[in-house]
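Okay, so here's the structure we're looking at.
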Amino acid sequence: MTDRTSSTSNPTDARRAKARRNAVLLGLLALAFYLTFIGVQVLHSRPH
Amino acid sequence: MAHAHTHDGVNHLDHSHDDHHHDKPTGIGRWLYATNHKDIGTMYLVFSLIMFFMGGAMAMVIRAELWSPGLQFVDPLFFNSMTTTHALLMIFGAVMPAFVGLANWMIPLQVGAPDMALPRMNNYSFWILPFAFTLLLSSFFTAGGGPAGGWTMYPPLALQAGTSFPLMIFAIHLMGASSIMGAINVIVTIMNMRAPGLTLLKLPIFCWAWLITAYLLIAVMPVLAGAVTMLLTDHYFGTSFFNPAGGGDPVMYQHIFWFFGHPEVYILILPAFGIVSEIIPTFSRKPLFGYEAMIYATASIAFLSFIVWAHHMFTTGMPLAGQMFFMMSTMLIAVPTGVKVFNWTTTMWKGSLTFEPPMLFSLAFLFLFTIGGFSGLMLAIAPADFQYQDTYFVVAHFHYVLVSGAVFAIMASVYYWLPKWTGHMYSMALAKTHFWLSAVFVNVLFFPQHFLGLAGMPRRIPDYNTQFTDWNRVSSLGGFVFGLSQILFVIVIIQCVRGGPKASAKVWDDATPEGLEWTVDSPAPYHSFETPPVITEENTHPSH
């Protein structure tokens, strides 16, 4: 865990870096939902 | 541990300061390139207010047209454009951005963070919105006029629109992108930027409500985007997702839309629950009753919102088992919602109540949202819904939930936190006048619509049978007074921004506001919590 009392490191920057990684993952999750819903419909609406 | 007292009057962990962060940009650049959560929050709130008045003006056109049977002022196509655009503006332009604005202003202050986790993405999230709504509203100037197929955009009707169709679709894609980015920012701010020691079960309930809402947004906005993308390809690229002639199914669109649409309803109300859960304890001078139960109830509502969507579609025809499932699951939502209503009531029980404007709006929320909840239960009953479907009863129901629910909670929150934002107290007399006019006339406006709906008046029509005239006139009268009384809201805000008695850091000194936001000065300094605050029992919400 980051030592937030240290004056030599910047704890806010460390937390931001972690937040950025999580944000990318959440963005990919949203993209996956979008593509999944269209993909399922593509399969569903093909002529049987 | 050593403490230091800093410029914002809060105990901080002993930590060196980054003084270069203290600059405050000026001019138009401050807003265009804004990365400060308070500036972006302000822009969201101002944008939302503008959209509220534009959407409100459209509502006035609707109510004026419905003053008498027959056609009075506008042609039917324009009337349909009014109902469609009124809904899109109010949902995506007024209520959602208002909540994002409140999240921007308050979440960093409540979790002890210097800003949102991703300030630049925050800037993009906001600035997408004016472009999205310019696209949407510009469609009124194209051949065929604005979108008129209803905000739900059901095919095949929506596909019969003119040039407005692609403009609306692109606008909705942009709104969705903005919402998803905003939601991601809220989640990572709460999960990663909390002050040390501020555990999840010490979070203010507003943060909890928003955290759950943000997950809902990430789950369902892509579904809406997918639905409208498929509409676009059906219209322009020869696909037939929803066209039976090519093997598609128009009812499938309704399933997809409402799989987004029902959680969207909770996206519009869960942050309101969070706000009311902040205000009622403050003015009851008691801690919130059942803090953890409130969190579990919110999470339960969010979960249930994914398995109730087809109650919007009972009349499309579905197997009896399907009707039973969606009827029962919908009614189940009354349980966690009831937990919330009883917890708010129990918070007030034997409290030392005072009735400042935020508390008045919260109490009105409690009563009137509950009326909307009860009419929702009536609509959930499948056989009864066959009568209510597409009548004014539905219009009455969702306006009770969204106007006297969501909008009243937003107004409560503005009256609660405005002194913290501006550093001034506002005119209590004017704010209370605004409250009483709103609370009385919102009922004059929407309650008669229950009667109209039960008597069989369909929604989304510019003309009606003569027996509906009287209650339509009452409703329109209520609408005009409610609409005009909102000007008072703007006057109170402008007066408060320009000056007024100085607000203290705690603002509501004789009440018991809890949370870190009350430990910084009023107005909140441009940069707050650059070093994390020390978490004590006094400055956080109790976890019980």
Side-chain angles (χ1 to χ4, degrees), chain A, chain B residues 1-2 13-16 18 21 113-119 121 176-177 179-181 183-185 187-197 214-215 217-227 229-230 233-234 239-243 246-249 252-253 256 259-260 529-532:
Chain A
M1 192 177 162
T2 312
D3 176 10
R4 293 190 177 89
T5 59
S6 163
S7 58
T8 53
S9 66
N10 188 335
T12 302
D13 283 353
R15 287 187 291 166
R16 278 231 163 87
K18 200 172 171 191
R20 266 195 295 275
R21 281 197 298 276
N22 290 339
V24 171
L25 290 175
L26 288 168
L28 289 173
L29 185 68
L31 186 63
F33 284 148
Y34 175 70
L35 295 174
T36 303
F37 263 81
I38 295 181
V40 167
Q41 290 311 306
V42 168
L43 295 177
H44 176 82
S45 63
R46 284 163 77 186
H48 298 292
Chain B
M1 188 179 288
L13 293 173
D14 203 355
H15 199 285
S16 62
D18 299 326
H21 283 312
D115 205 307
M116 296 294 276
L118 306 161
M121 189 169 81
S179 294
I180 290 170
M181 288 198 285
I184 290 174
N185 226 336
I187 291 174
V188 295
T189 302
I190 294 176
M191 297 309 284
N192 297 116
M193 302 293 285
R194 295 194 310 278
Y215 278 111
L217 274 165
I218 289 178
V220 301
M221 291 311 287
V223 179
L224 173 68
T229 303
M230 287 184 273
T233 59
D234 268 11
T239 60
S240 45
F241 288 112
F242 310 122
N243 179 7
D249 181 1
M252 181 55 83
Y253 174 85
I256 299 170
F259 188 76
F260 144 78
F529 298 131
E530 287 179 306
T531 50

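Numbers restart at 1 for each chain; the letters A, B, ... are given by sequence-line order, proteins then strands.
- Smallest separation of non-hydrogen atoms from Arg15(A) and Asn192(B): CD-O, 3.2 Å.
- Here the CG atom belonging to Asn22(A) is positioned 11.0 Å from the OG1 atom belonging to Thr189(B), to the nearest 0.5 angstrom.
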Are Arg16(A) and Asp115(B) close enough, and set up right, to give a side-chain contact (heavy atoms from CB on, under 4.5 Å), and what steps lead you there?
CA-CA 10 Å; Arg16(A) 278 231 163 87; Asp115(B) 205 307; 3.5 Å; yes
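- From Met221(B), atom CE reaches atom CZ of Phe33(A) across 14.0 Å, with rounding to the nearest 0.5 Å.
- Put simply, the residue from Thr229(B), Val223(B), Thr233(B), Ile256(B) that forms a side chain to side chain contact (heavy atoms under 4.5 Å, CB included) with Ile38(A) is Thr229(B).
- Rounding to the nearest 0.5 angstrom, the gap separating the CD1 atom in Ile187(B) from the CG atom in Leu25(A) is 11.5 Å.
- Scanning all heavy atoms of the two residues, the minimum distance from Ala19(A) to Val188(B) falls at O-CG1, 3.4 Å.
- Proximity to chain A (any heavy atom under 4.5 Å) is shown, for Leu224(B), by neither the backbone nor the side chain.
- Rounded to the nearest 0.5 angstrom, Arg20(A) CZ and Met121(B) CE are separated by 11.0 Å.
- Side-chain contact between Lys18(A) and Met191(B): absent, with no pair of heavy atoms (C-beta onward) separated by less than 4.5 Å.
- Rounded to the nearest 0.5 angstrom, Ile180(B) CD1 and Tyr34(A) OH are separated by 10.0 Å.
- For Asn185(B), no part sits under 4.5 Å from any heavy atom of chain A, backbone or side chain.
- Residue Ala219(B) touches chain A through both its backbone and its side chain, counting heavy-atom pairs closer than 4.5 Å.
- The contact between Met230(B) and chain A is made entirely by side chain atoms (from C-beta outward), counting heavy-atom distances below 4.5 Å.
- How far CG of Leu26(A) is from CD1 of Ile184(B): 5.5 Å, rounded to the nearest 0.5 Å.
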